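What follows is a single structure, written as structure tokens, with notes after it.
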Amino acid sequence: RIKRQAISAEPTALDPSQLTGVTLKSYCKTKESSERIQRALMDNEFMKHLEHGQILTIMDCMHPTSLTKGCCVIQEGDDGSTVYVLEEGMVEVTKQGKKLCSIGEGKVFGELAILYNCTRTATVTALTDIKLWAIDRQGFQTIMMRTGLIRHSQYTDFLRSVPSFQSLPEDVLSKLADVLEETHYSDSDYIIRQGATGDTFFIISDGQVKVSQQSSPGDEQLVVKILSKGDWFGEQALKGEDVRTASLTAVGDVTCLVIDRESFKQLIGDLDDVNSKQSDGAEVEASIQAEADFFSRVS
Ligand code: CMP
């Protein structure tokens, strides 16, 4: 499961350069360097959870720089302004004069002060002449913010397109988009198993999901329905039912947006409330009825 970053911006504020005044610039790289930077970012303990798009943009915006042997790249206690990937050479990391480790090619350093808004946690010195890829704090933070804002806006739009959520106020949709987590499944993966306990609700944002049920243990699994983008399931868990009433498996690659019972209750109350807040549009009504029919069959 990919944990989403918490973001607290208004859903309409889509252009982060208006917020930060930073224009992102990309720098040409060889295929080898691009791949090395990506691998370095994905390999770093603190950055490996970034989204793929964020990794690509950070890589794209890194510029080349070099230093000679013996130079201090980072001084412990300073305000940090740059994140680096080592392209060539070796550096040494020391803290209060004591050696922590040496770092070789294809590694990230200088990320902690930027990610956690603290002063430099250690000193980094070039053991050889070094070549580096660098991105400054503002560029880095703009990328983090832009991805978050775009994703937030996409989630809010998507939620608005789901009939059951259409009439929710904008601020509730926006908060819901904040707490959703994105999950990915491959063909035949179980998303929910009948009989298992669970407290999560799913909305399909991409792909198809097969719903099947077994009347009693040992019986054949009967396919009840195929769900697709915009459909939701697992709502019984939101009403306080722990035990899953059907099995749901991915048909091909599937992406779901997931919310747990506690977050859902805090934001929306129970699902009956959501349905009673629907607008009267015939299409919406028909869709709600179809959902209700379906869920009454599987519950
Ligand atoms: P930052 O604190 O921004 O600047 C110093 C960098 O040294 C830090 O980010 C990490 O990238 C790196 N660093 C700090 N402590 C260690 C450690 N124990 N092992 C490896 N690298 C470290």
Side-chain angles (χ1 to χ4, degrees), residues 2-9 16-17 19-30 32-149:
I2 298 169
K3 182 85 187 143
R4 296 195 52 221
Q5 251 171 283
I7 49 171
S8 56
S17 60
L19 303 174
T20 62
V22 173
T23 311
L24 296 174
K25 190 169 169 211
S26 58
Y27 292 84
C28 278
K29 296 169 182 76
T30 62
E32 290 73 37
S33 291
S34 307
E35 286 172 0
R36 177 173 297 154
I37 296 170
Q38 277 183 65
R39 271 199 305 273
L41 296 170
M42 289 191 291
D43 195 41
N44 180 269
E45 191 56 36
F46 302 94
M47 299 173 85
K48 63 183 176 196
H49 298 297
L50 296 182
E51 287 183 5
H52 191 56
Q54 284 174 309
I55 301 260
L56 288 180
T57 316
I58 292 169
M59 181 273 290
D60 199 41
C61 294
M62 288 190 121
H63 62 269
T65 178
S66 58
L67 285 168
T68 50
K69 183 177 171 180
C71 279
C72 176
V73 190
I74 287 176
Q75 177 66 51
E76 185 179 349
D78 279 0
D79 289 332
S81 60
T82 314
V83 180
Y84 300 97
V85 170
L86 193 55
E87 166 86 6
E88 231 178 83
M90 286 283 275
V91 295
E92 183 179 70
V93 183
T94 54
K95 197 173 173 77
Q96 291 167 346
K98 284 202 188 119
K99 179 175 171 177
L100 292 178
C101 63
S102 300
I103 293 180
E105 289 172 7
K107 295 282 176 209
V108 172
F109 64 92
E111 78 287 25
L112 298 180
I114 313 300
L115 282 170
Y116 298 104
N117 229 2
C118 58
T119 52
R120 294 297 197 184
T121 59
T123 295
V124 180
T125 314
L127 290 175
T128 61
D129 289 351
I130 53 172
K131 286 190 181 163
L132 299 157
W133 293 103
I135 181 166
D136 64 30
R137 172 190 287 269
Q138 285 174 318
F140 185 82
Q141 289 180 341
T142 301
I143 293 165
M144 305 293 276
M145 196 189 303
R146 177 161 70 181
T147 312
L149 287 172

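Computed from a predicted model, the values in this text were never measured in an experiment. Both ligands and their constituent atoms are indexed starting at 1 by order of listing. Just so you know, these numbers use all the heavy atoms, side chains as well, and skip hydrogens, waters and symmetry mates.
Listed by number with element, the atoms of ligand 1 under 4.0 Å from a non-hydrogen atom of Leu100 are 15 (N), 16 (C), 17 (C), 18 (N). Listed by atom number, the atoms of ligand 1 under 4.0 Å from Arg120 heavy atoms are 1 (P), 2 (O), 3 (O), 4 (O). Within ligand 1, the atoms closer than 4.0 Å to a non-hydrogen atom of Ile74 are 4 (O), 5 (C), numbered from 1 in the order shown.
The number of heavy atoms from other shown groups lying within 6.0 Å of NZ (Lys29) is above 12.
When side chains are defined from C-beta on, Val91 does not count as touching Ile74, because their heavy atoms never get closer than 4.5 Å. Counting heavy atoms from C-beta on, the side chains of Glu111 and Ile114 never come closer than 4.5 Å. Under the 4.5 Å side-chain criterion, counting only non-hydrogen atoms from C-beta, Asp79 is in contact with Thr119.
Between the NZ atom of Lys107 and the CG atom of Leu86 there is a distance of 10.5 Å, given to the nearest 0.5 Å. Atom CZ of Arg137 and atom CG of Leu115 lie 9.5 Å apart (nearest 0.5 Å).
Closest protein heavy atom to atom 12 (C) of ligand 1: Val93 CG1, 4.2 Å. Counting only heavy atoms of the protein, atom 11 (O) of ligand 1 lies nearest to Glu111 OE1, 2.5 Å. Distance from atom 19 (N) of ligand 1 to its nearest protein heavy atom, with residue and atom name: Cys101 SG, 3.6 Å. The protein non-hydrogen atom at the shortest distance from atom 6 (C) of ligand 1 is Gly110 N, 3.8 Å. The closest protein non-hydrogen atom to atom 5 (C) of ligand 1 is Ala122 O, 3.5 Å.
Classified by interplanar angle (parallel below 30°, tilted 30° to 60°, perpendicular above 60°), the ring pair His63/Tyr27 is tilted.
Geometrically, ligand 1 and Phe109 share no nitrogen or oxygen pair separated by less than 3.5 Å. Below 3.5 Å of separation, one finds an N or O of Thr121 facing an N or O of ligand 1.
Here the rule is side-chain contact (heavy atoms from CB on, under 4.5 Å) with Cys72, and of Leu67, Thr123, Asp78 only Thr123 fits it.
Under 4.0 Å from ligand 1, heavy atoms of Ala113 appear from its side chain as well as its backbone.
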